[in-house]
Amino acid sequence: MYKKFLLFITVLLLFINISCSSKEDRLKEADKWHQQAWDLVEKKKYDEAVICFDKALQLDEKNAKILFNKGNTLMCQGKYKESLECFDKALKIEPSNDYVKYNRETVLMLIKKEEEKNKQGK
């Protein structure tokens, strides 16, 4: 009985160790994609940056910073509704993040301006 218990504990600890390291590896990989995306944003290669942000989010979907930066990149491209979605997701994760709140309000103003401009053009 004692040997079975030790075996069970050993297997359990091994499983926990594997789970933690794979999660840790995913987060490190997500950070690499996030940094690559940011490097592309600085070069104004927004389409490529969005792809890298998406890869980072596949690995770390609850990362408000990645969502925030993707939202900003989409805003730079004039993709306001997609940008708003990123900011909304980021706020669900970090509801008190003032930077996200500010940029969300900014993109709402841009959407409103765009709608008014389209109404005047008709």
Item to complete: Only counting residues at least two apart or in another chain, list the ones meeting side chain to side chain contact (heavy atoms under 4.5 Å, CB included) with Glu114.
Response: Tyr80, Asn118

Discussion item. Please enumerate all residues that pass side chain to side chain contact (heavy atoms under 4.5 Å, CB included) together with Glu115, with sequence neighbours excluded.
Written reply: Ile111

Fill in: Point-to-point distance, once rounded to the nearest 0.5 Å, from CG of Leu40 to OG1 of Thr73
9.5 Å

Worksheet item: Going from NZ on Lys55 to NE2 on His34, what distance comes out if it is rounded to the nearest 0.5 angstrom?
Response: 15.5 Å

Heavy-atom check, side chain of [X] versus side chain of [Y], under 4.5 Å:
{"X": "Val41", "Y": "Phe53", "answer": "yes"}
{"X": "Leu27", "Y": "Leu59", "answer": "no"}
{"X": "Leu74", "Y": "Val50", "answer": "yes"}

Worksheet item: With hydrophobic residues grouped by side-chain heavy-atom distances under 4.5 Å, do Leu91 and Val107 end up in a single group?
Response: yes

Worksheet item: Is it true that Asp60 and Arg26 make a salt bridge, defined as a side-chain N closer than 4.0 Å to a carboxylate O?
Response: no

Worksheet entry | Ion pair check, Lys101 and Glu105, cut-off under 4.0 Å | no

Item to complete: Go through the steps for Leu84 and Asp88 under the test side-chain contact (heavy atoms from CB on, under 4.5 Å), then give the verdict.
Response: CA-CA 6 Å; Leu84 184 61; Asp88 286 342; 3.9 Å; yes

Worksheet item: Side chains of Gln58 and Asp54: donor-acceptor distance under 3.5 Å anywhere?
Response: no

Discussion item. How close do Phe68 and Tyr99 get, counting heavy atoms only, and between which atoms?
Written reply: CE1-O, 3.6 Å

Practice prompt. Please report the closest heavy-atom contact between Asp47 and Lys79, naming both atoms and the distance.
Written response: OD1-NZ, 3.9 Å

Discussion item. For a side-chain contact (heavy atoms from CB on, under 4.5 Å) check, start with the C-alpha distance between Phe87 and Asn72, then their side-chain angles and the critical distance, and finish with the verdict.
Written reply: CA-CA 9 Å; Phe87 295 141; Asn72 288 330; 3.3 Å; yes

